[in-house]
Asks: 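Before I ask anything, here is the structure I am working with.
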Amino acid sequence: MSSQDRLNKAYKEAKRVSFTNQDKFILFSDCHRGDSSFADDFANNRNIYFHALQHYFKEGYSYIELGDGDELWENIFFKTIFEANKNVFKLLQKYHFSKRLHMIYGNHDMVYRNPNFVQKKLSTYFDAREGKNVPLFPNIEYNEAIILENSDTQQELFLTHGHQADFMNYVGWKINRFMVRVLWKPLQVWGIKDPTSPAKNYVELIKVERRIKKWIADNGNKITITGHTHRPRFPKPEENALHYFNDGSCVHPRSITGIEIVNGTIALIKWHIDTKEDGTLQIVREILEGPRKLEDYK
């Protein structure tokens with residue numbers, strides 16, 4: 001099966017979610033939530049991510065995670081990740097209970113494509129204070145792709161992780177997972193990058209983007225939003241470019257990037273730590289691109 005066939009399959013089997021121009025979404029991907037060890041890329045940005053999610057929850061946004069939320073290549077057990085990021089998961093639980101949480105799996109959390117695994121690992125957690133299992137994400141679903149359908153304009157937005165365009169991270173993901181656990185995680189502590197990741201291998205990144213763009217060109221230039229490469233992308237409609245968006249990642253040095261869909265518009269944003277004039281630190285939101293009307297992308 002080619003990358004185009006894999007993307008076609010993801011599109012045909014995608015979960016469809018209806019929305020209107022009054023709805024608000026925040027899209028993040030590639031959080032790679034880990035165990036707070038020296039190899040945990042998410043640890044440096046955890047407070048930024050948590051603050052941003054708190055803001056979006058209070059403002060009534062729905063949260064869509066475009067894959068690789070949990071780092072299940074470097075870490076064998078979800079419990080380890082949960083204990084290191086309990087405040088984050090408790091906040092995600094609020095989204096879930098308010099029916100504002102939509103999850104997509106990527107290559108680093110590919111095990112979530114198995115509903116039985118998700119049910120067993122994510123439905124409950126052990127609360128030491130109560131001495132029993134209590135609900136975490138009961139009945140949560142992970143999807144390979146989601147199609148947002150605008151009921152006001154009938155426009156479709158295709159959301160997926162993007163590893164369908166990457167053979168070894170889709171078909172051969174178990175081999176790459178083994179290599180990461182045995183070889184690259186220990187070396188990462190010493191600053192050696194993992195060449196299996198398109199986020200750290202520019203040649204592979206370009207190949208992945210080219211395959212995704214080919215699919216978009218062959219399918220009516222449909223708005224397509226992915227993660228995987230960690231490289232933010234935001235096309236300008238007047239340039240008549242392919243409508244390929246990428247929300248970046250939550251493991252950039254000292255910042256996280258994402259995509260906001262608000263009141264019929266789309267924008268690429270960044271959250272980062274900045275310094276006030278008095279020397280104290282603050283977490284701020286910055287608009288990198290947009291906002292542009294979704295209807296401009298015809």
Side-chain angles (χ1 to χ4, degrees), residues 14 16-31 45 48-67 95 98 100-104 145-162 209 212-213 216-217 219-252 254-274 282-298:
R16 292 181 173 265
V17 176
S18 178
F19 77 105
T20 71
N21 283 337
Q22 282 67 54
D23 291 319
K24 299 186 285 187
F25 297 92
I26 174 61
L27 281 60
F28 285 132
S29 74
D30 299 275
C31 303
N45 292 337
I48 301 174
Y49 176 81
F50 183 75
H51 176 80
L53 278 194
Q54 280 188 316
H55 165 81
Y56 290 121
F57 185 81
K58 292 175 183 176
E59 294 297 318
Y61 283 68
S62 293
Y63 176 56
I64 303 179
E65 191 164 271
L66 300 184
Y95 279 92
S98 61
R100 289 191 276 150
L101 182 67
H102 305 279
M103 304 297 270
I104 290 172
I146 290 173
I147 295 174
L148 293 180
E149 298 178 312
N150 191 323
S151 58
D152 292 334
T153 66
Q154 284 69 56
Q155 190 175 34
E156 289 186 350
L157 286 69
F158 177 48
L159 318 179
T160 193
H161 182 59
E209 288 189 349
I212 294 173
K213 288 179 178 179
I216 295 171
N219 286 271
N221 204 9
K222 193 182 304 294
I223 291 179
T224 300
I225 309 175
T226 73
H228 189 53
T229 66
H230 295 199
R231 181 161 83 151
R233 309 298 288 164
F234 193 94
K236 291 180 172 58
E238 63 267 19
E239 294 176 354
N240 199 29
L242 292 173
H243 299 162
Y244 168 56
F245 294 80
N246 192 302
D247 64 358
S249 82
C250 294
V251 291
H252 297 296
R254 301 173 300 281
S255 69
I256 66 175
T257 59
I259 284 179
E260 293 177 357
I261 297 171
V262 182
N263 300 331
T265 69
I266 187 168
L268 177 68
I269 53 88
K270 176 174 78 170
W271 289 83
H272 61 103
I273 295 176
D274 198 8
Q282 61 179 343
I283 299 175
V284 297
R285 169 184 168 274
E286 177 183 346
I287 298 177
L288 299 178
E289 298 283 353
R292 303 298 297 255
K293 292 182 179 179
L294 286 171
E295 288 188 276
D296 290 344
Y297 296 92
K298 293 289 188 178

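Only this structure's heavy atoms are used, side chains among them; waters, hydrogens and symmetry mates stay out.
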Asks: So, taking the atom named CD1 in Ile287 and the one named CD1 in Ile269, what distance separates them when rounded to the nearest 0.5 Å?
Replies: 9.0 Å

Asks: Starting at CD of Glu65, measure out to NE2 of His161 and round the result to the nearest 0.5 Å.
Replies: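 NE2 of His161 is found 10.5 Å from CD of Glu65.
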
Asks: Using the salt bridge (charged side-chain N to carboxylate O under 4.0 Å, His left out) criterion, which residues pair with Arg100? Sequence neighbours excluded.
Replies: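 In terms of salt bridge (charged side-chain N to carboxylate O under 4.0 Å, His left out), with neighbours along the sequence ignored, Arg100 is linked to no residue.
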
Asks: Would you check if the side chain of Asn45 reaches a backbone N or O of Cys250 as a donor-acceptor pair within less than 3.5 Å?
Replies: yes

Asks: By side-chain contact (heavy atoms from CB on, under 4.5 Å), which residues pair with Asp247, not counting sequence neighbours?
Replies: Leu27, Ser29, Leu66, Ile259

Asks: Mind checking ring pair (Phe, Tyr, Trp, His ring centres under 6.0 Å) for Tyr56 and listing every partner two or more places apart, or none if nothing turns up?
Replies: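 Residues passing ring pair (Phe, Tyr, Trp, His ring centres under 6.0 Å) with Tyr56: Tyr61, Trp271.
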
Asks: With a 3.5 Å distance limit and no angle check, can you tell me whether His272 reaches the backbone of Arg254 through a side-chain donor-acceptor pair?
Replies: no

Asks: Before giving the answer on side chain to side chain contact (heavy atoms under 4.5 Å, CB included), spell out for Leu157 and Phe19 the whole-Å C-alpha distance, their side-chain angles and the decisive distance to 0.1 Å.
Replies: CA-CA 11 Å; Leu157 286 69; Phe19 77 105; 4.2 Å; yes

Asks: By side-chain contact (heavy atoms from CB on, under 4.5 Å), which residues pair with Glu156, not counting sequence neighbours?
Replies: Tyr11, Arg16, Ile147, Glu149, Lys222

Asks: Minimum heavy-atom separation for Leu268 to Gly258, with atom names?
Replies: CD1-O, 3.4 Å

Asks: Under a 4.5 Å cut-off applied to non-hydrogen side-chain atoms, are Ile266 and Ile225 in contact?
Replies: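 A side-chain contact under 4.5 Å exists here.
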
Asks: How about Asn246 and Arg231: do any of their side-chain heavy atoms sit closer than 4.5 Å?
Replies: no

Asks: Identify the two heavy atoms, one from His228 and one from Gly162, that lie closest to each other, and give their separation to 0.1 Å.
Replies: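 Looking at all heavy atoms of both residues, the shortest contact is CD2-O, 4.0 Å.
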
Asks: How long is the span from the CG atom in Leu53 to the CZ atom in Phe28, to the nearest 0.5 Å?
Replies: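 So the gap between those two atoms works out to 6.0 Å.
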
Asks: Side chains of residues 291-298: which donor-acceptor pairs under 3.5 Å do they make with residues two or more places apart or in other chains?
Replies:
{"from": "Arg292", "atom 1": "NH1", "to": "Glu238", "atom 2": "OE1", "distance (Å)": "3.4"}
{"from": "Arg292", "atom 1": "NH2", "to": "Glu238", "atom 2": "OE1", "distance (Å)": "2.7"}
{"from": "Tyr297", "atom 1": "OH", "to": "Pro235", "atom 2": "O", "distance (Å)": "2.6"}

Asks: Could you state the interatomic distance from CD (Glu59) to CD (Glu260), rounded to the nearest 0.5 Å?
Replies: 10.0 Å

Asks: Under 4.5 Å between any side-chain heavy atoms of Glu289 and Pro232, yes or no?
Replies: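 Result no, sub-4.5 Å side-chain heavy-atom pair not found.
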
Asks: Do you know the tightest heavy-atom contact between Ala14 and Ile146?
Replies: CB-N, 4.1 Å

Asks: Can you say whether the rings of Phe234 and Phe245 are parallel (under 30°), tilted (30 to 60°) or perpendicular (over 60°)?
Replies: perpendicular

Asks: Below 4.5 Å, heavy atoms only, C-beta onward: do Asn21 and Thr153 meet side chain to side chain?
Replies: yes

Asks: Run the side-chain contact (heavy atoms from CB on, under 4.5 Å) test against Thr20 and tell me which residues pass, sequence neighbours left out.
Replies: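 Thr20: side-chain contact (heavy atoms from CB on, under 4.5 Å) contacts with Gln22, Asp23, Ser151, Asp152.
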
Asks: Between Thr257 and Gly248, which heavy-atom pair has the shortest distance, and what is it?
Replies: OG1-CA, 3.3 Å

Asks: Which one of Leu101, Leu148, Ile26, Val17 satisfies the side-chain contact (heavy atoms from CB on, under 4.5 Å) criterion with Ile64?
Replies: Leu148

Asks: Nearest 0.5 Å, please: how far is NE2 in His51 from CD1 in Ile273?
Replies: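 So the gap between those two atoms works out to 10.5 Å.
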
Asks: Kindly indicate whether the side chain of Ser98, heavy atoms from C-beta on, has any atom under 4.5 Å from the side chain of Phe57.
Replies: yes

Asks: Please tell me if the side chains of His252 and Lys270 come closer than 4.5 Å, counting only heavy atoms from C-beta onward.
Replies: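 Result no, sub-4.5 Å side-chain heavy-atom pair not found.
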
